[in-house]
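Since the structure is predicted, the reported quantities are computational estimates derived from the model, not experimental observations.
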Amino acid sequence: MKIYNTLTRRKEEFVPLEPGKVKMYVCGPTVYNFIHIGNARPMIVFDTVRRYFEYKGYQVDYVSNFTDVDDKIIKKAIEEGVDADTISKRYIAECKKDMEGMNVLPATRHPLATEEICGMLEMIQTLIDKGHAYVAEDGTVYFRVKSFKDYGKLSHKNLEDLQSGFREIKVTGEEGKEDPNDFVLWKPKKEGEPFWESPWCNGRPGWHIECSVMAKKYLGDQIDIHAGGEDLIFPHHENEIAQSESANEKPFATYWMHNAFLNIDNRKMSKSLGNFFTVREISEKYDLQVLRFFMLSAHYRSPLNFSAELMEASKNGLERILTAAQRLRELEKKTAGEALSKEETELAQQLQALTEKYEGAMDDDFNTADAISALFEIVKLANSTALESSSHGYVKLLMDRVEELCQVLGILTERKEQVLDEEIEKMIQERQAARKAKNFALADEIRNKLLEMGIVLEDTREGVKWKRA
């Protein structure tokens, strides 16, 4: 298995720190509103990475935090006239609903920044004691960037360039810094904001320190994989490396993985451009399984463009897989005999070759796009070779393989149970009555009306079946 490592800018063979185990940390969202589809991409991508490791037999310890104290959370709380804790708890709950809709597995642990303050104070004090951090007159604690000789090794930026032009790490009140590139570990409280006591001042932590502390507490000084969106490479992940390696005196993460940006109709997602979508908004138009399938249709390191046309294409592609899975489940009930015929044995070898093709794609830096292509070939094989005359053993082999490989991608192969409202149910019954009376014109009229309402009917030997278009 090979992973593209942002740190070295090349694909590297995956070798875990501990055989058979993967320690993985993924930066989670700041919870001040509903998560947007940009947040959804790393959630889906790295959930799939986790699932594939587990498919390969690894025990995965997967940690993803919630940042529940932040300027945006405080601003939202002031606007609503409530405390910050009310805002963060509300949107953590909403985020978990969206994650469930996207079939993102709960992390092994979901730590909260506000519950890890003691650990942050300890690490900050360690950095001060080792000369990597200092306290300004107002009680702000800064990390001394020049004290960490490898600063810039992840983003491949150097300090001279940063000092002359990069403004990402500039903060208000930076006159207390020894160097413009130094960044905040702890900052003084402001009126009306939540705060905690510290040896330096009453205040709250800077953003970067929380992930260093949580990774250390729940995974150890060294971890296998640290992941997130490419917007986090600098300064967030660069600063995490500086903090963690300065405090722990060990390499922090062996592999750094970053997903590319998500654009909307070929433009960067932005509220000002009016092309900003939350996951909750998308769920009103599509099953979130469609969003997941769409996200995995491109390699995670490739920029992905979100559009209605591409979502429709993803919906149709997903439908092909679900229809094949449903057909296999129905065939399994009808077929008999576990032993495969000679022809089926040869077909089973084709199935194994396609499975290896799927695994080869995933082993090559988790290429879900090529894995999905292999899955479609398996679906095609199932559609063309699984018949009522097939052995039960062959049909079950196909069904189990489709379900297993879909599970790796987080795709649910059983459609969610859908309840028809009384009006539609009544229309279906009226159509059945019209067919029985040989009034086929009326039956076709009702069928067309249902189609306009998004209900597709299928006349089968077992009776009328329906699905939403």
Side-chain angles (χ1 to χ4, degrees), residues 3 5-10 12-19 21-27 61-65 108-109 111 113 115-136 140-160 162 169 177-179 181-187 198-200 205-228 232-258:
I3 297 176
N5 192 349
T6 307
L7 187 67
T8 60
R9 291 186 175 181
R10 64 173 183 264
E12 298 177 350
E13 193 72 30
F14 177 70
V15 181
L17 293 166
E18 189 176 346
K21 295 184 178 180
V22 178
K23 293 189 285 186
M24 187 171 178
Y25 188 95
V26 180
C27 289
D61 203 352
Y62 186 98
V63 177
S64 185
N65 68 306
T108 311
R109 296 174 186 82
E115 295 178 356
E116 307 296 338
I117 300 296
C118 288
M120 295 181 209
L121 295 175
E122 289 176 12
M123 182 172 282
I124 292 169
Q125 188 60 58
T126 297
L127 291 169
I128 293 171
D129 293 343
K130 291 184 175 184
H132 293 292
Y134 58 94
V135 186
T140 303
V141 183
Y142 293 102
F143 183 88
R144 184 178 281 120
V145 166
K146 284 185 177 176
S147 73
F148 184 63
K149 64 181 179 62
D150 290 330
Y151 192 83
K153 66 179 178 179
L154 180 69
S155 59
H156 303 278
K157 299 180 188 296
N158 62 63
L159 284 176
E160 290 180 5
L162 292 173
I169 54 177
K177 291 182 179 183
E178 293 179 354
D179 186 283
N181 292 316
D182 295 348
F183 59 88
V184 172
L185 299 174
W186 188 267
K187 51 189 172 184
S198 84
W200 320 292
W207 175 36
H208 312 299
I209 193 69
E210 68 178 86
C211 291
S212 287
V213 168
M214 294 177 193
K216 177 183 175 72
K217 178 175 178 178
Y218 295 105
L219 296 172
D221 290 352
Q222 292 179 274
I223 66 176
D224 294 295
I225 297 172
H226 198 313
L232 299 181
I233 295 173
F234 184 86
H236 186 50
H237 287 168
E238 194 72 73
N239 291 352
E240 278 190 65
I241 290 174
Q243 295 163 163
S244 295
E245 296 190 2
S246 295
N248 303 327
E249 298 182 0
K250 292 179 181 178
F252 182 22
T254 310
Y255 307 90
W256 288 83
M257 297 179 69
H258 295 93

Taking all non-hydrogen atoms of both residues, which atom of Asp182 and which atom of Tyr134 are closest, and how far apart? OD2-OH, 2.6 Å
Contacts of Trp256 that satisfy ring-ring contact (aromatic ring centres under 6.0 Å, His included) - sequence neighbours left out: His226, His237, Phe252
Between Asp224 and Lys21 the two heavy atoms that sit nearest each other are OD2-O, 3.8 Å
Is there side-chain contact between Ile117 and Met120, with heavy atoms separated by less than 4.5 Å? yes
Tightest non-hydrogen contact, residues Ile124 and Val141, listed as CG2-CG1, 3.7 Å
Any donor-acceptor pair under 3.5 Å linking the side chain of Glu12 with the backbone of Ile3? no
Can you list everything that forms a side-chain hydrogen bond (donor to acceptor under 3.5 Å, both in side chains) with Gln125? Sequence neighbours excluded, please. Asp129
First locate atom CE of Met24, then atom CD1 of Ile225, and finally report the distance between them rounded to the nearest 0.5 Å. 5.0 Å
For the residue pair Phe148 and Ile241, establish whether any side-chain heavy-atom pair is separated by less than 4.5 Å. yes
Going from CZ on Arg109 to CE on Met214, what distance comes out if it is rounded to the nearest 0.5 angstrom? 13.0 Å
For Gln243 and His208, indicate whether the former's side chain and the latter's backbone hold a donor-acceptor pair under 3.5 Å. yes
Could you tell me which residues satisfy side-chain contact (heavy atoms from CB on, under 4.5 Å) with Lys250, sequence neighbours excluded, listed by chain and number? Asp221, Gln222
Search all heavy atoms of Leu154 against all heavy atoms of Ile233 and return the closest pair with its distance. CD2-O, 3.8 Å
Non-hydrogen atoms of Phe143 and Ala242 that approach each other most closely: CZ-O, 3.6 Å
Taking the side chain from Ser64 and the backbone from Val26, do they hold a donor-acceptor pair closer than 3.5 Å? yes
Are any non-hydrogen side-chain atoms of Val145 and Phe183 less than 4.5 angstrom apart? yes
Should Lys153 and Glu245 count as side-chain neighbours, where that means a heavy-atom distance under 4.5 Å? yes
Hits for side-chain hydrogen bond (donor to acceptor under 3.5 Å, both in side chains) against Ser244, two or more places apart or cross-chain, chain-then-number order -> Ser212
Give the minimum heavy-atom separation between Ile209 and Met123, together with the two atoms involved. CD1-SD, 3.8 Å
For residues Ile128 and Leu185, determine if any side-chain heavy atom of one lies less than 4.5 Å from a side-chain heavy atom of the other. no
Can you name the residues that form a side-chain contact (heavy atoms from CB on, under 4.5 Å) with Ser198, not counting sequence neighbours? Leu121, Trp186, Trp200
Partner set under side-chain hydrogen bond (donor to acceptor under 3.5 Å, both in side chains) for Glu122, not counting sequence neighbours: none
For Lys187, check side-chain contact (heavy atoms from CB on, under 4.5 Å) against everything at least two apart and list the hits. Asp71, Val184, Arg204
For Asn181 and Tyr151, test the side chains for any donor-to-acceptor distance below 3.5 angstrom and give the result as yes or no. no
Set of salt bridge (Lys or Arg N to Asp or Glu O under 4.0 Å) partners for Glu115, sequence neighbours left out: none
By side-chain hydrogen bond (donor to acceptor under 3.5 Å, both in side chains), which residues pair with Asp150, not counting sequence neighbours? none
Got a sec, which residues hit ring-ring contact (aromatic ring centres under 6.0 Å, His included) with Tyr255, two or more places apart in sequence or on another chain? Phe14
Partners meeting side-chain contact (heavy atoms from CB on, under 4.5 Å) with Lys130 (sequence neighbours left out): Thr126, His132, Glu249
Name all residues meeting the salt bridge (Lys or Arg N to Asp or Glu O under 4.0 Å) criterion together with Arg9; count only those two or more places apart in sequence or in a different chain, and write none if there are none. none
Would you indicate whether the side-chain heavy atoms of Glu178 and Arg144 approach each other to under 4.5 Å? yes
Between His236 and Cys211, is any pair of side-chain heavy atoms under 4.5 Å apart? yes
Can a side-chain donor-acceptor contact be found between Glu240 and Tyr25 if the only test is distance below 3.5 angstrom? no
